Amino acid sequence: MGKPRQPSLAQLRAFAAVAEHLHFRDAAAAIGMSQPALSGAVSALEEALGVTLVERTTRKVLLSPAGERLAVRAKAVLAEVGALLEEAAALRAPFTGALRLGVIPTVAPYVLPTVLRLVHDRYPDLDLQVHEEQTASLLDGLTSGRLDLLLLAVPLGMPGVTELPLFDEEFVLVTPLDHRLGGREGIPRAALRSLHLLLLDEGHCLRDQALEICREAGRADVPATTTAAGLSTLVQLVAGGLGVTLLPRTAVRVETSRSSRLLTGYFAAPAPTRRIALAMRTGAARSAEYEELAASLREALRELPVRILGDEGAAGEASLGAQALRPHQPE
């Protein structure tokens, strides 16, 4: 026999059927081929590979030693081809299969309920898998392929990552009951220059945003005498009188309702804000799907106290959430 050639999938299917049934007629019926066509496919495979696979006798079919070994390989190849076709079918049908979503801790507890409800109601065949991590870890997961999509604060300024803006939200000042700014509206940003501000630990983007707001207000630094790993602890430190803090509006109702010793103050316009977006790999195969998800999320998130962004992410396209300007004090 000559030099091995590339076998066809039809030849591999024919051989795998013969290896399973050890009978040409039964094998042909199993895969919907005529018996002569099946026999011809197996012979062509033997010629292509340069080995004898089947020993034909008048009464039965036996696999040669080479046939025994190569039957295992043929079945594995056919199984992988089947898996490839199944995955391609899933990709042709949007919002099916797994979607690995990474979320930062200062967004997850407040925005995820809306995301999960949307996915449950509108995309029931989507297998949403959520990973809560800090920004640096999420970006590493996105670029390495461990994660598919991120929900986090932007801008990221990272090459190869496309941002799909969802909303802007204001920061508010959370204070103890006896604080001079407690419950006030129209607080000037300059007030931040003299406040004892409590911050999250290093690594949280919300810490960096709070420091940037302070710099914009003319404050050079914020001594980190006390920090917290999460917003819940941060707010309890404020309730205990250790200082004040900045909270994004989406977190206010959840976090301040846990204590009656807190007041919420609101900044004068324009209040400091942060922008939340979905982020995906630029040119991702499912980019159209992610853009549709972003559009659906913008509608679903209108119930939150945020300014929804248009597709361009421009401030001029923003619309105000139903509760956006309604001050909230803890019950």
Side-chain angles (χ1 to χ4, degrees), residues 99-121 126 128-139 141-142 147-154 164-175 198-210 213 227-240 244-264 272-279 293-294 296-308 321-324 326-331:
L99 195 162
R100 299 162 298 178
L101 176 69
V103 192
I104 56 174
T106 60
V107 165
Y110 322 113
V111 178
L112 264 184
T114 303
V115 175
L116 297 177
R117 190 164 56 248
L118 170 71
V119 170
H120 178 271
D121 293 345
L126 186 64
L128 184 65
Q129 302 168 7
V130 177
H131 302 262
E132 184 185 47
E133 302 168 22
Q134 293 185 7
T135 299
S137 176
L138 292 181
L139 289 172
L142 184 69
L147 298 172
D148 302 311
L149 196 62
L150 308 181
L151 178 60
L152 74 178
V154 296
L164 305 172
L166 299 175
F167 63 83
D168 289 342
E169 65 175 323
E170 296 179 359
F171 284 97
V172 300
L173 187 69
V174 179
T175 72
L198 303 178
L199 300 172
L200 290 175
D201 293 337
E202 294 278 356
H204 288 276
C205 63
L206 190 60
R207 173 193 176 92
D208 299 331
Q209 291 157 0
I213 292 168
T227 62
L231 291 184
S232 296
T233 301
L234 199 61
V235 169
Q236 293 309 311
L237 293 175
V238 173
V244 302
T245 197
L246 295 171
L247 277 191
R249 285 294 304 269
T250 52
V252 170
R253 185 172 296 276
V254 172
E255 299 302 343
T256 62
S257 64
R258 295 181 176 140
S259 174
S260 59
R261 302 187 58 79
L262 296 166
L263 289 173
T264 304
T273 63
R274 71 170 179 175
R275 176 162 293 185
I276 302 300
L278 292 177
L293 178 62
S296 298
L297 268 177
R298 291 184 192 105
E299 290 303 312
L301 291 165
R302 291 183 188 279
E303 63 187 34
L304 299 182
V306 299
R307 288 185 173 87
I308 300 298
Q323 303 291 325
R326 189 176 302 166
H328 168 70
Q329 300 299 340
E331 316 293 337

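The shown structure was predicted, so the numbers you read here are calculated from the model rather than taken from an experiment.
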Nearest non-hydrogen partners of Ser232 and Arg258, listed with the distance: OG-NH1, 2.6 Å
For Val252 and Thr264, work out which heavy atoms get closest and say how close. CG1-OG1, 4.1 Å
Quick one: does Ser257's side chain have a donor or acceptor within less than 3.5 Å of a partner on Val254's backbone? yes
Rounded to the nearest 0.5 Å, how far apart are CZ of Arg298 and CG of Leu278? 8.0 Å
Considering non-hydrogen atoms only, spot the tightest contact between Pro109 and Pro105 and give its length. CD-O, 3.1 Å
Calculate, to the nearest 0.5 Å, the distance between atoms CG and CG belonging to Leu200 and Asp208 respectively. 10.0 Å
Gap between atom CG of Leu246 and atom CD of Glu170 - 0.5 Å precision: 12.5 Å
Looking at Asp201, is its backbone amide N or carbonyl O close enough to the side chain of Arg207 to form a donor-acceptor pair, meaning the two atoms are under 3.5 Å apart? no
Can you name the nearest heavy-atom pair linking Ala228 to Leu237, along with the distance? CB-CD1, 4.2 Å
Do any N or O atoms from the side chain of Thr245 and from the backbone of Val174 form a donor-acceptor pair under 3.5 angstrom? no
Less than 4.5 Å apart, side chain to side chain, heavy atoms only: is that true for Leu152 and Cys205? no
So do the side chains of Pro248 and Leu206 get within less than 4.5 Å of each other, counting heavy atoms only? yes
Please report the shortest heavy-atom distance between Ala210 and Leu199, naming the atom on each side. CB-CD2, 3.7 Å
dist Gln209:CD -> Arg275:CZ (nearest 0.5 Å) comes out at 12.5 Å
Please name the pair of heavy atoms, one in Ala300 and one in Thr114, separated by the smallest distance, quoted to 0.1 Å. O-CG2, 3.6 Å
Do Leu166 and Leu301 touch side chain to side chain, with heavy atoms closer than 4.5 Å? yes
Among side-chain atoms of Arg307 and Thr273, is any donor-acceptor pair under 3.5 angstrom? no
Just by modelled atom types, is the Thr250 backbone N or O under 3.5 Å from a matching donor or acceptor in the Glu169 side chain? yes
Out of curiosity, Leu293 CG to Leu99 CG, how far, rounded to the nearest 0.5 Å? 7.0 Å
Evaluation steps, side chain to side chain contact (heavy atoms under 4.5 Å, CB included), between Ile276 and Val111: CA-CA 10 Å; Ile276 302 300; Val111 178; 5.7 Å; no
Under the side chain to side chain contact (heavy atoms under 4.5 Å, CB included) criterion, do Arg274 and Thr106 qualify, and how do the steps go? CA-CA 11 Å; Arg274 71 170 179 175; Thr106 60; 3.1 Å; yes
Using the side chain to side chain contact (heavy atoms under 4.5 Å, CB included) rule, pick out the option among Leu263, Leu173, Leu262 that qualifies with Val244. Leu173
Once rounded to the nearest 0.5 Å, what's the spacing between atom CG of Leu147 and atom CD of Gln129? 10.0 Å
Report yes if some heavy atom in the side chain of Leu297 is under 4.5 Å from a heavy atom in the side chain of Val115; otherwise report no. yes
